[in-house]
Amino acid sequence: MVTTMQTLTPHVYWAQRHGEIFLRVELSDAKDLDISMKDNTIKFKAQGHGAKGDNEYEFSLDFLEPVKPEVSHKSTERQVNIKIKKQDERWWDRLTLQERKPLFLCPDFDRWLDESDAEMELQSKEETISKIHVESRVRKDPYLGLKKGYLFMYNLVQFLGFSWVFVNMTVRLFVLGHDSFYDTFHTTADVMYFCQMMAIIEVINPLLGLVKTGFFPAMIQVAGRNVILFVIFGSLEQMQTKPVVFFVFYLWSTIEIFRYPFYMLACIDTEFKLLTWVRYTLWIPLYPLGVIAEAVALIQSLPIFDETRLYSLPLPEVLGQSLSFSYTLQIYLVIMFLGLFINFRHLYKQRRRRFRSRKRKTN
C-alpha cells in the first residue's frame with residue numbers, strides 16, 4: 001500500500017518596511033525548498049514539519065503592488081525567512097491584492113512597525129549611512145590618540161583634585177561638625193587653587209578645537225569661579241574664616257567629581273548610564289545653589305573692600321580720594337546672574353541633546 005502525503009498550507013507571518021516585505025514561514029527542518037516569483041506572485045513549496053506534522057506545505061500570494069523578482073531566503077531549524085524588495089519604496093495598506101486576508105496569513109508582531117515608526121527607522125538608517133559617508137571622506141586625525149590621551153589625563157587630574165577636596169571636607173564635617181566651616185579655606189585652598197588654575201585649560205581647549213564645547217560658557221564659569229577664589233577669598237583674610245567658603249567649595253567639588261569622570265570616560269569611548277544621568281541631572285539644583293553661594297560671598301565682601309580700600313581706583317582730588325572696588329563687584333554681581341542664565345541654558349540644551357540621542361539609540 002502506497003501512502004501519499006497531504007499538501008497543506010503553513011502558517012505565514014508578514015511585516016513590511018518602506019522598501020521591503022518580510023515573510024516568516026513556520027516550517028521546521030524545511031527541505032526541497034522551491035520559492036519562485038512570477039507575475040507579482042510568490043509561490044512557496046517545501047517539505048518540512050509544520051502545524052500538521054511532517055508533510056509537504058505550499059502557498060502563494062498575489063502582492064498588492066509590484067515587487068522585484070529577486071527573492072532572498074534563509075532557512076533555520078524552526079522557520080524559513082523570506083525577504084522581497086518592493087518596486088517602489090512606499091507604505092502598503094495591506095499585503096495582498098485581494099482585500100480579504102488569507103486564513104494562513106498573520107502579522108509578524110516581532111517585526112511589526114506602523115508607518116510612523118518605520119519612517120523613524122528609515123530616517124535613523126539614512127542618518128547612519130550619511131554619517132559613515134562623511135566619516136569616510138574626512139581624513140583621520142593622526143594626532144587623535146595623543147589628543148585623547150591629553151584630555152584623559154587632564155580630566156583625571158581634575159577628578160583626583162576635586163575628590164580630595166570633597167573627601168577632606170566631608171570627613172572634617174563628620175568629625176568636627178560646624179567647627180569645620182571656619183577653617184575650610186586653610187585646609188583645602190592649596191588644592192582648590194591648583195584645580196582652578198588648571199581649569200583655565202578648559203577655556204583654551206575649545207579655541208584649539210580639542211573639544212566641541214563652547215568657548216563662552218567655559219570662560220564664564222572659569223572666570224567666575226576664579227574671581228571668587230582669588231579675589232574674594234584669596235585677597236581678604238576676613239573672608240577666609242567665614243562659613244560661606246565651605247558651601248562654595250563643597251558645591252563646586254560635588255559637581256566636579258561627577259563631571260570630570262564623565263569626560264574622562266568619553267575620551268576612551270566609554271559610557272556608564274548612571275554616571276551620564278547624574279552628570280546631566282545633578283547640576284540642575286547644584287549649579288544655581290553654587291552661584292547663590294558665590295553671590296553671598298561677594299555680598300559679604302563688599303563692606304570689607306569699602307573699609308580696606310583694597311583694589312580701589314584712585315581718582316583726582318576734585319572727584320574724591322578713590323573709587324571703591326565694591327562698585328565693580330556690584331556690577332559683576334549682575335553679570336554673574338546673567339552668566340548663570342547663559343550657562344544654565346547651555347547645559348540644559350546639552351542635557352536634552354544627550355538624552356534624545358540615547359532614546360533614539362534605545363528605540
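Heads up: numbering here begins at 1 and tracks the sequence. Since we're looking at a predicted model, the values are computed, not measured.
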Looking at Asp179, Asp183, Val167, which hits side-chain contact (heavy atoms from CB on, under 4.5 Å) with Arg172? Asp183
From Val80, Asp29, Ile82, residue fulfilling side-chain contact (heavy atoms from CB on, under 4.5 Å) relative to Ser75: Val80
Just by distance, do the side chain of Glu256 and the backbone of Gln158 share a donor-acceptor pair under 3.5 Å? no
Quick check: does any side chain N or O of Asn40 sit under 3.5 Å from a backbone N or O of Phe63, one acting as donor and the other as acceptor? yes
Within the 3.5 Å criterion, strictly below it, is a donor on [X] or [Y] matched to an acceptor on the partner's side chain?
| X | Y | result |
| --- | --- | --- |
| Asp62 | Thr41 | yes |
| Asp32 | Gln47 | no |
| Asn155 | Tyr150 | no |

Are more than 12 heavy atoms from other residues, nucleotides or ligands located less than 6.0 Å from atom [atom1] of [X]?
| X | atom1 | result |
| --- | --- | --- |
| Met198 | CE | yes |
| Asp34 | CG | yes |
| Lys147 | NZ | yes |
| Leu103 | CG | no |
| Gln87 | CD | yes |
| Lys101 | NZ | yes |
| Lys148 | NZ | yes |

When the aromatic ring centroids of [X] and [Y] are compared, is their separation below 6.0 Å?
| X | Y | answer |
| --- | --- | --- |
| Tyr193 | Phe230 | yes |
| Phe325 | Tyr311 | yes |
| Phe262 | Phe272 | no |
| Tyr182 | Phe246 | no |

Can you tell whether the side chains of [X] and [Y] come within less than 4.0 Å, N to carboxylate O?
| X | Y | result |
| --- | --- | --- |
| Lys273 | Glu271 | no |
| Lys83 | Glu20 | yes |
| Glu65 | Arg90 | yes |
| Glu202 | Arg259 | yes |

Quick one: do Arg94 and Glu99 satisfy side-chain contact (heavy atoms from CB on, under 4.5 Å)? Show the steps, please. CA-CA 8 Å; Arg94 61 179 188 273; Glu99 292 187 11; 3.6 Å; yes
Is the Lys NZ or Arg CZ of Arg111 less than 6.0 Å from the centre of Phe22's six-membered ring, within 45° of the axis? yes
Can you label the angle between the Phe59 ring and the Phe104 ring as parallel, tilted or perpendicular, going by 30° and 60°? tilted
